Amino acid sequence: MNAYAPILVLGALGAAFAIFSVVMATLIGPKRYNRAKLEAYECGIEPTPTPAGGGRFPIKYYLTAMLFIVFDIEIVFLYPWAVSFDALGLFGLVEMLLFVLTVFVAYAYVWRRGGLEWD
């Protein structure tokens with residue numbers, strides 16, 4: 001348990017700071033409400049009414065999110081590999097080349113199908 005104590009203390013300090021920041025912002029922050037502040041944030045675009053069952057979103061939103069996840073996971077695997085590159089040797093190099101090739105095949109497929117074009 002002694003090995004985990006610094007991690008638990010750091011987590012508790014982080015949570016305390018987050019809670020303290022939110023509470024203090026609500027207590028001492030300005031309270032000038034207007035119509036624009038009370039509306040949902042829409043990136044500067046005037047919100048349009050949606051149908052009762054909810055609106056349909058273009059598939060491009062989901063494709064972009066999936067592509068981000070694929071390349072984000074690739075970076076998550078590339079960083080530790082780069083840190084321990086010398087210790088892994090030729091085996092690590094071959095495995096990472098196969099991994100990057102797999103991701104590149106997925107990238108080429110999406111590019112060929114027009115998934116990167118935002119019309």
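Remember, predicted model here, so these are calculated numbers, not experimental data. The figures here come from the full heavy-atom set of this structure, side chains too, leaving out hydrogens, waters and symmetry mates.
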Legend entry - Non-hydrogen side-chain atoms of Leu78 and Ile75 separated by less than 4.5 Å: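 With C-beta onward as the side chain, the pair touches.
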Legend entry - Any side-chain heavy-atom pair of Tyr109 and Arg113 under 4.5 Å: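 Sidechains of Arg113 and Tyr109: in contact.
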Rounded at 0.5 Å granularity, tell me how far [atom1] in [X] sits from [atom2] in [Y].
{"X": "Leu67", "Y": "Thr64", "atom1": "CG", "atom2": "OG1", "answer": "6.5 Å"}
{"X": "Leu97", "Y": "Phe104", "atom1": "CG", "atom2": "CZ", "answer": "13.0 Å"}
{"X": "Leu13", "Y": "Leu8", "atom1": "CG", "atom2": "CG", "answer": "11.0 Å"}

Please determine whether residues [X] and [Y] belong to a single hydrophobic cluster, defined as Ile, Leu, Val, Met, Phe, Trp and Tyr linked transitively by side-chain heavy-atom distances below 4.5 Å.
{"X": "Phe77", "Y": "Leu90", "value": "yes"}
{"X": "Leu98", "Y": "Leu88", "value": "yes"}
{"X": "Tyr79", "Y": "Leu93", "value": "no"}
{"X": "Val76", "Y": "Val83", "value": "no"}
{"X": "Val110", "Y": "Val105", "value": "no"}

Inset, instruction - Give me the ring orientation class for Tyr107 and Trp111: parallel if the planes are under 30° apart, tilted from 30 to 60°, perpendicular past 60°. - result: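 Answer is tilted, since the angle falls between 30° and 60°.
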Legend entry - Exercise: identify the closest heavy-atom pair between Lys31 and Thr26: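 For Lys31 and Thr26, the tightest heavy-atom pair comes out as NZ-O, 2.9 Å.
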Legend entry - N/O donor-acceptor pair under 3.5 Å between Trp81 side chain and Met96 backbone: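 Judged by distance alone, no pair lies under 3.5 Å.
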